[in-house]
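To keep things clear, I will list the structure first and then write my remarks on it.
The chains referred to below are lettered A, B, ... by the order of the sequence lines, with proteins before strands, and numbering in each begins at 1. Predicted, not measured: the structure shown is a model, and the values here were computed from it.
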Amino acid sequence: MQHSIRQFSKHEGESVTIKGWISNKRESKTNIFLVVRDGSGFAQAIVSLDDVGEEQFESAKRLTQESSVELTGKVIKDERQIGGYELHVEKLNIIHISKDYPISNKAHGVKFLADNRHLWLRSRKQWAIMRCRNAIIMAIHDFFQSRGFVQMDSPLLTGSACEGTTDLFETEFFGKPAFLSQSGQLYAEATAMAMGKVYTFGPTFRAEKSDTPRHLAEFWMIEPEMAFYNNEMNMDLIESFTRHVVSQVVEKCQLELNMLGRDIAMLEKVNQTFPRVTHSEAAKILRGEVEVNGKNAITVQEEDLAAAKKAIEEKQAKIEENEATIKGGVKKGKRNYLQNQIDQLKGEIKKLEETCRNIPKWIESAKNFPDGEDFGGSDETVLTRVFDAPVMVYNWPTKIKAFYMKEVEGDPTHVKGVDLLAPEGYGEIVGGSERETDIDILIRKIEEHELPQEEFEWYLDLRRYGSVPHAGFGLGLERMVRWICGLDHMRETIPFPRRYGRILP
RNA sequence: GCCUCCAUAGCUCAGCUGGUUAGAGCGGCGGACUGUUAAUCCGUAGGUCCAAGGUUCAAGUCCUUGUGGGGGCGCCA
């Protein structure tokens, strides 16, 4: 019977058979250590000459990285191993010998890895990310399903730009122009009026030429929409939703988060009330006019800059020290070791120098942030650095938000929108609002945004027939994955990223 | 679209103010080693230094243009 590595803990001492691939191999005269992966996990398997005999031992020597095998052996507890168990092989059957697998266990550049994405997914880090992504997806469904939400899919092909703001991918629908959907939001409002509480879960397409760590051209968005909800209820839901998803991943993906080196203590900070600030309060915090928990946004950046400069000096000193040691004359092995350390330090310095070039620009942008404008990418980073927990920014300037957002009572210059900004500089992961219910205001807004009203007649019908207060939000799945996994870039958050300049593989 | 950094072996990178025959690690191959954790050690093969033009006695190194890439910003979510 075939078993999975994930289930090893339930089969301690038993003989099991697994099928998988070799992710690494170490050899000595009488033992061969294989790191095997079967999709469910990674485990070390030991092929010992005494256990398998000469013939099988020799064939095990032929195994290369990513060769496929069937292994039968005993599950033994060993605290030193990744999953806590290892396999003492009794029988080995080679399925296929891999030749010249391109991805080694050493560092690679992002271009090379992206070109080899179809193979890169086999690597430990990518495996761990995809497991977390899966857990996040499950937690999202679980959260909504257990609260009576109905999943209602929105169309992927649309006849016009839903919100009229973004660049869309154009395609063709039986001879007529059509677009790939940039949002399911308006359709979710319609289905919420039918089902009460709904959520969409589907792909979304944006044709902007955005080349940043926060953007993909194709990504997955979750858009809950609730009838009889105002923005306060919306914010409460966003908070408990985020807490639920993060907690589920922390609980179910300990091994994976560990492999990613994620600081779980940072994630557990979702177990506190999320700070809520208005857009204009956030602007003051950003400019350093108001402090949060004794932290000044500008000062924090200046400290980061000073720390980076200091780190460069320390690494520089270490390089000089190594160079002096080498010059003094050492054995070859030692010399290479020191030289490699120098090369690594040089790489780290390059990254730090980039940081030193960027932070002053960020500080400049934050200090001069004008009231009533949208935050830039760096502004979000600077702002969230002063908070531990995710922050909700609400009551946004009307002119920078979509036409359907409800105006704040008595203040038409602001709307009841809310963005959730993740901590540690990961930026916006959720954007939501209470929707406008008054048909006259909505028609006026459609005109102001120069949108074709005839295309929105069906949407206006939602206000003609039993218009009710309602609210909802949109979550970018990959942004959530990026934050929870602690990744530098969104390109690692989805199996096959589609972004500006990348359609293969 | 703008700013900035970069392009050297299959991969990751050194190569200073131009100067004989361009280096290391990983990976490959051969060998050593009784449990290794990106194992280690010894040996070995592997290069049109992104392209085109220019400066110079001499260019991987300097200049111009192009192409490709990283980081930041913008657009945007």
Side-chain angles (χ1 to χ4, degrees), chain A residues 23-35 42 44 46-50 64-65 76 78 80-82 86 88 99-116 123-124 163 165-167 182-183 185 204 206-217 219 221 223 319 323 326 331-347 350-362 364-365 374-381 400-402 419-421 427-432 473-479 488-490 500-502:
Chain A
S23 77
N24 201 8
K25 183 177 78 168
R26 288 175 285 270
E27 277 181 69
S28 73
K29 199 169 191 174
T30 56
N31 286 311
I32 298 171
F33 302 93
L34 304 170
V35 178
F42 290 75
Q44 174 161 279
I46 295 115
V47 183
S48 172
L49 182 58
D50 295 340
T64 54
Q65 198 187 353
I76 303 291
D78 187 325
R80 293 167 294 183
Q81 305 308 326
I82 304 174
E86 60 180 12
H88 287 230
K99 264 217 172 83
D100 300 326
Y101 185 70
I103 302 175
S104 71
N105 284 320
K106 282 274 180 165
H108 293 283
V110 286
K111 166 85 160 61
F112 178 81
L113 291 170
D115 287 341
N116 289 286
S123 304
R124 284 184 197 209
E163 300 177 14
T165 50
T166 53
D167 291 325
Q182 53 143 337
S183 164
Q185 134 103 59
T204 305
R206 302 281 167 91
E208 281 107 17
K209 293 176 178 174
S210 305
D211 191 12
T212 84
R214 307 183 296 284
H215 292 86
L216 292 171
F219 61 98
M221 192 146 73
E223 291 175 291
I319 287 173
E323 280 172 343
I326 290 170
K331 280 203 288 187
K332 192 183 169 186
K334 177 81 172 166
R335 190 188 69 219
N336 288 341
Y337 172 78
L338 291 171
Q339 189 57 49
N340 283 339
Q341 209 173 46
I342 289 174
D343 289 351
Q344 200 190 327
L345 288 165
K346 281 182 180 173
K350 273 189 185 173
K351 274 193 181 166
L352 286 164
E353 281 171 346
E354 236 149 24
T355 304
C356 290
R357 278 195 291 272
N358 291 330
I359 292 181
K361 292 187 218 163
W362 295 4
E364 206 54 31
S365 167
D374 204 356
F375 298 124
S378 67
D379 297 330
E380 286 180 0
T381 304
I400 60 169
K401 286 292 186 185
D419 279 9
L420 180 74
L421 307 180
E428 180 186 348
I429 52 175
V430 164
F473 63 91
L475 163 79
L477 176 64
E478 286 75 16
R479 287 188 171 178
D488 288 339
H489 206 292
M490 291 246 287
Y500 182 55
R502 169 69 64 179

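Within 4.0 Å (heavy atoms only), A:E364 reaches no atom of the nucleic acid at all. A:G376 comes within 4.0 angstrom of sugar-phosphate atoms only, judged by non-hydrogen atoms across all strands, and of no base. Contacts of A:H88 with the nucleic acid, taken as non-hydrogen atoms under 4.0 Å apart, include base atoms. Residue A:T64 is classed as having no contact, given no heavy-atom separation below 4.0 Å to the nucleic acid. At the heavy-atom level, A:I46 lies under 4.0 Å from base atoms of the strands shown. Residue-level contact check: A:L216 touches the bases, meaning some heavy atom is under 4.0 Å from a base atom. Residue-level contact check: A:D488 touches neither bases nor backbone, having no heavy atom under 4.0 Å from any strand. When heavy atoms are screened at a 4.0 angstrom cut-off, A:E353 is found touching no nucleic acid atom at all.
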Protein and nucleotides 5-13 of chain B: nitrogen or oxygen contacts under 3.5 angstrom:
residue	atom	partner	partner atom	Å
B:C11	O2'	A:A107	O	3.3
B:C11	O2'	A:H108	ND1	2.3
B:U12	OP1	A:G109	N	2.9
B:U12	O4'	A:A107	O	3.1

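With hydrogens and angles ignored, no donor-acceptor pair closer than 3.5 Å exists between the side chain of A:E208 and the base of B:G1. Looking at A:E27, its side chain has no donor and acceptor atom pair within 3.5 Å of the base of B:U34. Contact of A:D78 with B:G35 (side chain to base): a donor-acceptor pair of N or O atoms is detected under 3.5 Å.
For A:F112, the ring pair (Phe, Tyr, Trp, His ring centres under 6.0 Å) partners at least two apart in sequence or on another chain are A:H108.
The A:Q81 side chain lies nearest to B:U36 when the options are B:G74, B:A77, B:U36. Side chain of A:N31, nearest nucleotide from B:G35, B:C75, B:A77: B:G35.
Here A:Y101 does not count as stacked on B:G27, because the ring centres are not under 5.5 angstrom apart with planes under 30°.
For RNA chain B, each stem of at least three Watson-Crick or G-U pairs (distances under 3.5 Å) is given as range with range: B:1-7 with B:67-73, B:10-13 with B:23-26, B:28-32 with B:40-44, B:50-54 with B:62-66.
In this structure, A:R124 satisfies the cation-pi test against A:F42, with its NZ or CZ atom closer than 6.0 Å to the six-membered ring centre and inside 45 degrees of the ring normal.
A salt bridge does not link A:D211 with A:R502: every distance from a Lys NZ or Arg NE/NH1/NH2 to an Asp or Glu carboxylate oxygen is 4.0 Å or more.
Heavy-atom nearest nucleotides on RNA chain B were determined for A:Y500 and for A:M490, and the one closer to the 5' end corresponds to A:Y500.
Counting heavy atoms from C-beta outward, A:R26 and A:N24 have side chains that approach closer than 4.5 Å.
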task = Could you walk me through whether A:D50 and A:T30 pass the side-chain hydrogen bond (donor to acceptor under 3.5 Å, both in side chains) test, one step at a time?
result = CA-CA 8 Å; A:D50 295 340; A:T30 56; over 6 Å; no
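For the atom pair CE (A:M221) and OG1 (A:T204), the distance works out to 4.0 Å, reported to the nearest 0.5 Å.
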